[in-house]
A.B. asks: 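My structure is below; once you've seen it, I'll send some questions.
All ligand and atom numbering here is 1-based and tracks the order in the structure.
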Amino acid sequence: MMRSLLAAGLMCVCVMAVAVTKTSAQGGGQGGGQAAPLQNLQVLPKDMARPDVIALMRTFTVALGVQCTHCHVGTPQERFKDDLPAKATARKMLKMVMAVNADHLGVKPGEPNKATCYSCHRGALKPLTAAPAGGF
Ligand code: HEC
Ligand code: HEC
């Protein structure tokens with residue numbers, strides 16, 4: 001019971017934050033003007049506002065069951081660095097998820113995404129690839 005309540009909550013956060021991303025992809029960085037610009041966005045829109053990026057990053061941690069440091073080294077000012085293989089994998093995953101939504105699920109710019117990191121990962125680094133034996 002606790003588990004399914006938690007999962008429902010996490011799912012909600014995930015969908016919301018991905019919607020934020022889509023909005024900022026359209027609107028062009030309003031809001032986060034006070035902070036220094038982000039330096040190394042290669043998949044996300046380059047002008048995406050820092051608070052929107054951080055909100056999306058929080059969905060990554062929840063979806064995969066990890067901390068920021070699974071993909072990032074050093075201080076919060078060093079998030080631009082590409083030292084960890086998990087960050088490169090996450091970029092590929094992000095491209096895949098954006099393509100699935102746009103090309104296969106008909107999600108238009110500004111609409112909430114239908115597929116997210118959570119759709120597969122469900123709180124784990126390694127998604128299950130088959131139903132448990134004897135489950136049906
Ligand atoms: C699963 C891996 C992963 C996790 C976990 C993660 N990030 Fe990221 N982060 C990325 C990737 C990938 C990018 C680059 C996206 C791109 O190239 O468009 C990024 C970029 C960033 C940037 C932009 C840096 C710059 O200047 O280019 C910030 C800031 C950031 N992350 C903060 C965080 C914070 C804070 C957390 C924890 C709440 C976090 N990240 C967790 C993968 C991750
Ligand atoms: C279609 C299902 C699917 C989706 C959606 C998905 N992933 Fe994955 N992800 C996988 C699979 C499968 C693996 C490989 C696990 C293994 O090696 O056994 C993986 C592996 C990873 C890894 C490497 C795990 C490690 O050991 O460090 C990272 C990081 C990752 N995914 C991030 C993400 C992020 C971030 C998103 C959302 C932007 C995402 N994934 C969306 C299926 C998915």
Side-chain angles (χ1 to χ4, degrees):
M1 181 59 182
M2 273 303 285
R3 264 187 84 117
S4 62
L5 275 180
L6 188 65
L10 300 183
M11 181 86 112
C12 197
V13 171
C14 201
V15 170
M16 270 168 45
V18 174
V20 168
T21 312
K22 283 268 182 184
T23 311
S24 84
Q26 281 191 314
Q30 75 275 42
Q34 72 280 28
L38 298 174
Q39 299 175 54
N40 189 17
L41 297 183
Q42 297 178 20
V43 179
L44 296 169
K46 294 209 183 305
D47 62 349
M48 191 169 162
R50 178 180 290 267
D52 294 345
V53 171
I54 302 283
L56 179 68
M57 292 295 145
R58 293 219 171 93
T59 72
F60 288 4
T61 62
V62 171
L64 308 187
V66 297
Q67 304 286 317
C68 309
T69 50
H70 187 78
C71 299
H72 293 291
V73 293
T75 65
Q77 285 69 45
E78 296 173 284
R79 304 286 194 220
F80 65 89
K81 290 184 175 173
D82 289 339
D83 296 27
L84 297 179
K87 187 174 178 186
T89 305
R91 278 203 175 102
K92 290 186 193 159
M93 295 270 155
L94 192 53
K95 274 190 208 157
M96 169 183 71
V97 168
M98 288 162 81
V100 165
N101 282 289
D103 303 342
H104 304 284
L105 296 172
V107 176
K108 306 267 182 301
E111 290 177 2
N113 283 335
K114 292 177 181 167
T116 66
C117 313
Y118 191 79
S119 304
C120 290
H121 282 269
R122 309 252 155 188
L125 260 183
K126 308 227 181 255
L128 298 178
T129 49
F136 294 97

A.B. asks: May I ask you to identify the nearest protein heavy atom to atom 16 (C) of ligand 1, giving residue, atom name and distance to one decimal place in Å?
C.D. replies: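 I find the closest protein heavy atom is Q42 N, 3.3 Å.
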A.B. asks: Could you say whether the N/O atoms of T61 and ligand 1 ever approach to under 3.5 Å?
C.D. replies: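 N/O-N/O distance below 3.5 Å does not exist for this pair.
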A.B. asks: Please report which non-hydrogen protein atom sits nearest to atom 27 (O) of ligand 1, along with the residue it belongs to and the distance in Å to one decimal place.
C.D. replies: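 Here the nearest protein heavy atom works out to N40 N, 2.7 Å.
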A.B. asks: For ligand 1, which atoms sit closer than 4.0 Å to a heavy atom of V66?
C.D. replies: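 Taking each heavy atom of V66 in turn, ligand 1 has 5 (C) under 4.0 Å.
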A.B. asks: If you have a sec, work out which protein heavy atom is nearest atom 2 (C) of ligand 1 and how many Å separate them, to one decimal?
C.D. replies: C71 SG, 1.9 Å
A.B. asks: Determine, step by step, whether L41 and V53 satisfy the side chain to side chain contact (heavy atoms under 4.5 Å, CB included) criterion, reporting the C-alpha distance in whole Å, the side-chain angles of both residues, the deciding distance to 0.1 Å, and the verdict.
C.D. replies: CA-CA 10 Å; L41 297 183; V53 171; 4.2 Å; yes
A.B. asks: Could you tell me whether any N, O or S atom belonging to H72 is less than 2.8 Å from atom 8 (Fe) of ligand 1?
C.D. replies: yes
A.B. asks: Check this for me - ligand 2, H70, N or O atoms closer than 3.5 angstrom, yes or no?
C.D. replies: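 H70 vs ligand 2: N/O contact under 3.5 Å present.
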A.B. asks: Looking only at heavy atoms, is any part of F80 under 4.0 Å from ligand 1, and if so is it the side chain, the backbone, or both, or is it neither?
C.D. replies: both
A.B. asks: Quick one: pull up OG in S119 and CG in L105 and give me the separation to the nearest 0.5 Å.
C.D. replies: 9.0 Å
A.B. asks: Between L38 and F60, is there shared hydrophobic-cluster membership here, with clusters defined by ILVMFWY side-chain heavy atoms closer than 4.5 Å?
C.D. replies: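 Yes, same cluster.
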A.B. asks: Say whether L94 and L64 are linked into one hydrophobic cluster, either directly or through other cluster members, by side-chain heavy-atom distances under 4.5 angstrom.
C.D. replies: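 In one cluster: no.
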A.B. asks: Looking only at protein heavy atoms, identify the closest one to atom 42 (C) of ligand 2 and say how far it is in Å.
C.D. replies: P127 CG, 3.6 Å
A.B. asks: If you round to the nearest 0.5 Å, how far is CE of M96 from CG of D103?
C.D. replies: 13.0 Å
A.B. asks: Any chance you could measure C71, atom SG, to D82, atom CG, to the nearest 0.5 Å?
C.D. replies: 11.0 Å
A.B. asks: Minimum heavy-atom separation for L44 to M57, with atom names?
C.D. replies: CD1-CE, 4.4 Å
A.B. asks: To the nearest 0.5 Å, tell me how far L56 CG sits from T116 OG1.
C.D. replies: 10.0 Å
A.B. asks: Working to the nearest 0.5 Å, report the span between CD of E78 and NE2 of H72.
C.D. replies: 11.5 Å
A.B. asks: How far is atom 19 (C) of ligand 2 from its nearest protein heavy atom, and which residue and atom name does that atom have?
C.D. replies: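 Here the nearest protein heavy atom works out to M93 CE, 3.2 Å.
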A.B. asks: Linking I/L/V/M/F/W/Y whenever any side-chain heavy atoms sit under 4.5 Å apart, do L125 and M93 land together?
C.D. replies: no
A.B. asks: Of all the non-hydrogen atoms in the protein, which one sits nearest to atom 20 (C) of ligand 1, and at what distance?
C.D. replies: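 The protein heavy atom lying closest is M57 CE, 3.5 Å.
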A.B. asks: Atom 5 (C) of ligand 2: which protein heavy atom is closest, and how many Å away?
C.D. replies: C120 SG, 3.4 Å
A.B. asks: Give the residue and atom name of whichever protein heavy atom lies nearest to atom 13 (C) of ligand 1, and the separation in Å to one decimal.
C.D. replies: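 Checking every protein heavy atom, the shortest distance to atom 13 (C) of ligand 1 gives K87 CE, 3.5 Å.
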A.B. asks: So which atom in A115 and which in V100 form the shortest heavy-atom distance, rounded to 0.1 Å?
C.D. replies: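 So the two residues come closest at CB-CG1, 3.9 Å.
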A.B. asks: Please list, in number order, the atoms of ligand 2 under 4.0 Å from a heavy atom of K126.
C.D. replies: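 Every atom of ligand 2 under 4.0 Å from some heavy atom of K126: 16 (C), 17 (O), 18 (O), 26 (O).
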A.B. asks: Quick one: which ligand 1 atoms are inside 4.0 Å of a heavy atom on V43?
C.D. replies: 16 (C), 17 (O), 18 (O)
A.B. asks: Suppose I only count heavy atoms of A90 and a 4.0 Å limit; which atoms of ligand 1 are within that range?
C.D. replies: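 Answer for ligand 1: 1 (C), 2 (C), 12 (C).
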A.B. asks: Heavy-atom pairs closer than 4.0 Å: do any link ligand 2 to the side chain of T116, the backbone, both, or neither?
C.D. replies: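 Near ligand 2, T116 shows its backbone, while the atoms from C-beta on stay back.
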A.B. asks: What do you reckon, is CD of Q67 surrounded by more than 12 foreign heavy atoms closer than 6.0 Å?
C.D. replies: no
A.B. asks: To which protein heavy atom is atom 24 (C) of ligand 2 closest, and what is the distance rounded to 0.1 Å?
C.D. replies: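 Residue, atom and distance for the closest contact: L125 CD2, 3.6 Å.
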A.B. asks: Could you tell me which non-hydrogen atom of A63 sits nearest to which non-hydrogen atom of C117, and how far apart they are?
C.D. replies: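 That closest heavy-atom pairing would be CB-CB, 3.7 Å.
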A.B. asks: Give me the nearest non-hydrogen protein atom to atom 38 (C) of ligand 2 as residue plus atom name, then the distance to 0.1 Å.
C.D. replies: C117 SG, 2.7 Å
A.B. asks: I want to know if ligand 2 touches T89 in the polar sense, i.e. an N/O pair below 3.5 angstrom.
C.D. replies: no
A.B. asks: Report the nearest protein non-hydrogen atom to atom 8 (Fe) of ligand 2: residue, atom name, distance rounded to 0.1 Å.
C.D. replies: H121 NE2, 2.0 Å
A.B. asks: Considering only protein heavy atoms, which is closest to atom 17 (O) of ligand 1, and at what distance to one decimal place?
C.D. replies: R91 NE, 2.6 Å
A.B. asks: Roughly how far, to the nearest 0.5 Å, is the CZ atom of R79 from the CD1 atom of I54?
C.D. replies: 7.0 Å
A.B. asks: So, the side chain of K87 versus the backbone of K81: is there a donor-acceptor pair under 3.5 Å, distance only?
C.D. replies: yes
A.B. asks: Who's the nearest protein heavy-atom neighbour of atom 29 (C) of ligand 2, and how far?
C.D. replies: A86 O, 3.6 Å
A.B. asks: Among all protein heavy atoms, pick out the one at the shortest distance from atom 26 (O) of ligand 1; state its residue, atom name and that distance to 0.1 Å.
C.D. replies: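 Answer, as residue, atom name and distance: Q39 N, 2.8 Å.
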A.B. asks: Atom 37 (C) of ligand 1: which protein heavy atom is closest, and how many Å away?
C.D. replies: C68 SG, 1.8 Å
A.B. asks: With heavy atoms of L94 as the reference, note each atom of ligand 2 found under 4.0 Å away.
C.D. replies: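 So the atoms of ligand 2 that pass are 38 (C).
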A.B. asks: Run the numbers for me: atoms of ligand 1, each under 4.0 Å from some heavy atom of Q67, listed by number.
C.D. replies: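 Counting atoms of ligand 1 from 1, those under 4.0 Å from Q67 are 5 (C).
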A.B. asks: What are the atoms of ligand 1, with element, lying closer than 4.0 Å to any heavy atom of L64?
C.D. replies: 1 (C)
